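These numbers were taken from a predicted model, which means no experiment stands behind them. Worth knowing before you read on, the calculation uses all heavy atoms, side chains too, and leaves out hydrogens, waters and symmetry mates. Here is the naming used below: chain letters follow the sequence lines, and residue numbers restart at 1 for every chain.
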2 protein chains.
Amino acid sequence: MAEKKPKTTRAARKTSERMDIRTIATAANVSIATVSRTINRVPTVNPKIAKRVWEVIDRLDYFPNTQARALVSGRSRIFGLIVSEITNPFFPELIQGFEDIAVEHGYEILVSSTNYDPQRMTHCIRRMLERKVEGVAIMTFGIEEPLLEQLASRNVPLVFIDVGPERPGISILKVDYQHGIRQGVQHLAALGHRRISFISGPKRLHSAQSRAAAFSAALQECGIAVDASTIIEGDHTMEGGIAATEKLLAAKNRPTAVMCSNDMTAIGVLHKLYRAGLRVPDDLSVIGFDDIHIAQVTIPPLTTIQMSRFDIARAAVTALRNHVAHSSDSHPQREYNIETSLIVRESTGFPHGAMTDLRKTRPKPAIKR
Amino acid sequence: MAEKKPKTTRAARKTSERMDIRTIATAANVSIATVSRTINRVPTVNPKIAKRVWEVIDRLDYFPNTQARALVSGRSRIFGLIVSEITNPFFPELIQGFEDIAVEHGYEILVSSTNYDPQRMTHCIRRMLERKVEGVAIMTFGIEEPLLEQLASRNVPLVFIDVGPERPGISILKVDYQHGIRQGVQHLAALGHRRISFISGPKRLHSAQSRAAAFSAALQECGIAVDASTIIEGDHTMEGGIAATEKLLAAKNRPTAVMCSNDMTAIGVLHKLYRAGLRVPDDLSVIGFDDIHIAQVTIPPLTTIQMSRFDIARAAVTALRNHVAHSSDSHPQREYNIETSLIVRESTGFPHGAMTDLRKTRPKPAIKR
DNA sequence: GAGGTTTGAGAAATCGTTTACCCAGCACCC
DNA sequence: GGGTGCTGGGTAAACGATTTCTCAAACCTC
């Protein structure tokens, strides 16, 4: 057996470098209560004493133990953030915003990525509950019902995107897919496209359905017949985009434009078209969704529908903080709106063969609400 | 003043739905010590009693309060992870791996992104210390000295990439840039390239210097004269890649190939070349570094030097766990090696004008160590 | 069956804070 | 001058676990 290091005894630690509120109290010659009050900026403490305490704190470079604080105050000052796929660039951009805003308000965040796996999701939720998070933002664009129960029953404040149960303590970020998607479809229609496909996300996700529905509605508005076969199921990944494009190219009546449920899918599409020797937008126009950062540098740069990560992040943190602040009975605001809008770049153009000579003049997207 | 809701008293909470170890103890008709022992699988508990306790725990769906646990045991079971830029796809892939492995061992992780800002880094470190992390992985490929002191002085176990102070409790992940970069340069040389540029990361980062140095060394090995002006400073972003390419194209003696310090830079380069009407690899060969997921679908797919995020993540967690397990005096392993190797895709080819007719046959990269 | 050794469970101290409660001064006013 | 308020700081009880003692009961052994 290895030489057993004598376990540091309390006494020994005390004399050496134990750093707690007591140390500060002794050094500043006040009670621990006063130190605590000073740190928490309770206004009744005498400014002179406060100054003395702060000096000691600075000198000894002390900071309070968050665990102990959380234990007694019942407030962990942690928010959970659950995303579906951290490797999809949309989410890191969201996480960044969420972190910045949360930290600004003194919160720490616990991020988890579920990879669309319900099992992981369960585990995730459990871990967050154990850490006593004060709220969870579930940014997965869809969640299974039973899991939701698990969370809701603990009555932790929650924020969802798109859809969630009607219950106190739960907020929804309503994304206005309609607006952006309509702009996109109108943009394509104005260019002369009539055969437009849509590559959706996984059908079981509510958000995927919403986007597909918005697409169909927009088509109809433009007087284009809706054909269910033009909607292909993808999975929000590049690989899904590639697979969907293969199906698209195999169809007997190829579309002249394709709209994707997210940018990663569109990137897959772009790649597959390049592989197939087809040119974008000459042979096929492509529209993405999200406007992730790299959409600016794809080849060609991607026309896409923007949904602001920062807006989502801010709304999510705001919603959670509101729930924490107000008691659980009064719910201040249940829904928050998130806008979407078309960003025209270079992956969209006139359909093949149409008005070739006019190709240089790109019409502005028809914006109508 | 709004109607003041009477604050829930201890007694009231007790009767309603307070859920702690005491509740379980009462329900199982044992003492709280026994419940604690059962949960922590102390072998001296009578199996019969343990079973009874577990049943109650399951029935009431109880789980221990992590804060309280951490407070008394002194172990938070949290690791910190600091990355430089969460929006660079390299890092989410790293985070994913880190999270998976950490969770596997019962750890939670606190992620923070510094965006290369020392101020943010300071704040980050502070937050992690407050949360009493048991170790921090600093995956920023470079850190300012003073900040480092702040961390090291608290003697929290640390893991760095590439370089870090020689001290107990600190491990280094040594990336073998040399190997991959040499493969890349040899690959280019074999294709017939003689004028090869390098777009580095920010000069102040140690890793950027290492990569640039490895590049120069490899050039020399291939008998190509090293010209300092061919090394252009980038900043590890797409925008930096674009800017660097502009400089490259403006040079009087244009290179026929360019190697980049990371894939995001390479993506910027690809974009700028597309904009300039140049073709890859016909007009210019491009090599990236990292092999992030989207490198497979760039146009053309990117030849790059792979560095496994998963290997890094695993090594980092392993190192931290080792430090936690062993007392701080015995340091089990200080260095961990990370391999790199060339992945040939389609962004590299013969230099412009050379052996046009042979273009279809792509030589295998010369691998030599 | 007495004495000694295990075995297993309970009591209580502790982790580092917050906060309710209490009390010593001091100013004020009749 | 002695009640009466205030003010501001100290004392001690939580918060919800872990862990060290301690000790009763059970089990041997001779």
Side-chain angles (χ1 to χ4, degrees), chain A residues 6-14 17-53 57 60 62-77 129-132 134, chain B residues 4 6-14 17-53 56-57 60 62-77 129-132 134:
Chain A
K7 210 174 160 185
T8 325
T9 66
R10 175 158 316 249
R13 287 218 347 260
K14 201 163 211 163
E17 18 75 67
R18 134 103 143 287
M19 257 309 257
D20 59 8
I21 204 173
R22 234 169 306 265
T23 318
I24 306 298
T26 310
N29 202 25
V30 293
S31 75
I32 58 167
T34 302
V35 177
S36 172
R37 279 189 284 254
T38 305
I39 291 174
N40 294 297
R41 304 217 139 72
V42 173
T44 63
V45 13
N46 183 327
K48 261 188 197 148
I49 298 190
K51 185 155 173 288
R52 196 168 80 218
V53 172
I57 289 177
L60 299 186
Y62 160 83
F63 49 84
N65 179 328
T66 321
Q67 328 257 27
R69 269 184 149 176
L71 181 58
V72 57
S73 69
R75 301 201 45 190
S76 63
R77 300 206 72 92
L129 289 174
E130 282 183 4
R131 295 279 168 186
K132 291 275 180 295
E134 291 184 33
Chain B
K4 197 170 177 183
K7 210 172 161 187
T8 324
T9 67
R10 174 157 317 249
R13 287 214 354 254
K14 199 164 209 162
E17 18 75 66
R18 133 101 143 291
M19 257 309 259
D20 59 8
I21 204 173
R22 234 170 306 266
T23 318
I24 306 299
T26 310
N29 202 23
V30 294
S31 76
I32 59 167
T34 303
V35 178
S36 172
R37 278 189 286 253
T38 306
I39 292 174
N40 294 297
R41 304 218 139 73
V42 173
T44 63
V45 210
N46 184 327
K48 260 186 201 153
I49 297 192
K51 185 156 172 287
R52 197 167 80 217
V53 172
V56 174
I57 288 176
L60 299 186
Y62 161 83
F63 48 83
N65 180 328
T66 322
Q67 329 257 28
R69 266 184 150 174
L71 182 58
V72 59
S73 69
R75 301 202 46 191
S76 64
R77 300 206 72 91
L129 289 175
E130 283 183 3
R131 296 278 168 188
K132 291 276 180 295
E134 292 184 34

Fill in: Integer-rounded Å distance: dG16(D) P and Met19(B) CE
12 Å
Practice prompt. Calculate, to the nearest 0.5 Å, the distance between atoms NZ and CZ belonging to Lys132(B) and Phe63(A) respectively.
Written response: 5.0 Å
Worksheet item: Base, sugar-phosphate, or nothing for Ser36(A), non-hydrogen atoms under 4.0 angstrom?
Response: base
Fill in: Euclidean distance, atom CD1 of residue Ile21(B) to atom P of dA12(C) [Å, nearest integer]
17 Å
Practice prompt. Check the distance between dT7(D)'s P and Ile49(A)'s CD1 and give it to me in whole angstrom.
Written response: 16 Å
Discussion item. Taking 4.0 Å as the cut-off, does a side-chain nitrogen or oxygen of Ser31(B) come that near to OP1 or OP2 on dA9(C)?
Written reply: no
Worksheet entry | Atom-pair distance (CG on Asn46(B); P on dT6(C)), nearest Å | 19 Å
Worksheet item: Quick one: Leu71(A) CG to dT19(C) C1', roughly how many Å, whole number?
Response: 14 Å
Worksheet item: In terms of the nearest nucleotide of DNA chain C, which residue is placed more toward the 5' end: Arg37(B) or Val72(B)?
Response: Arg37(B)
Discussion item. Please determine whether a side-chain nitrogen or oxygen atom of Tyr62(A) lies at a distance below 4.0 Å from atom OP1 or OP2 of dG16(C).
Written reply: no
Fill in: Spacing between Ile39(A) atom CD1 and dT18(C) atom P, to the nearest angstrom
6 Å
Discussion item. From the set dA9(C), dT19(C), dG16(D), return the single nucleotide nearest to any side-chain atom of Ala33(A).
Written reply: dT19(C)
Discussion item. I'd like to know if the side chain of Asn46(A) and the backbone of Lys48(A) have a donor-acceptor N/O pair within less than 3.5 Å.
Written reply: yes
Discussion item. For Ala68(B) versus Leu71(A), what's the shortest heavy-atom pair and its separation?
Written reply: CB-CD1, 3.8 Å
Item to complete: Please round to the nearest 0.5 Å and tell me the distance separating atom CD1 of Ile21(B) and atom CD1 of Ile39(B).
Response: 5.0 Å
Worksheet item: Which atom names give the shortest non-hydrogen contact between Ser76(A) and Gln67(B), and what distance separates them?
Response: CB-NE2, 3.3 Å
Practice prompt. Would you please confirm or rule out a distance under 4.0 Å between OP1 or OP2 of dT18(C) and any side-chain N or O of Asn40(A)?
Written response: yes
Discussion item. Can you tell me which nucleotide in dG8(D), dG8(C), dA17(D) comes closest to the side chain of Thr44(B)?
Written reply: dG8(C)
Discussion item. What is the separation between atom CG on Asn65(A) and atom C1' on dT18(C), rounded to the nearest whole Å?
Written reply: 13 Å
Worksheet item: Nearest-Å distance, CZ (Arg75(A)) to P (dT19(C))?
Response: 10 Å
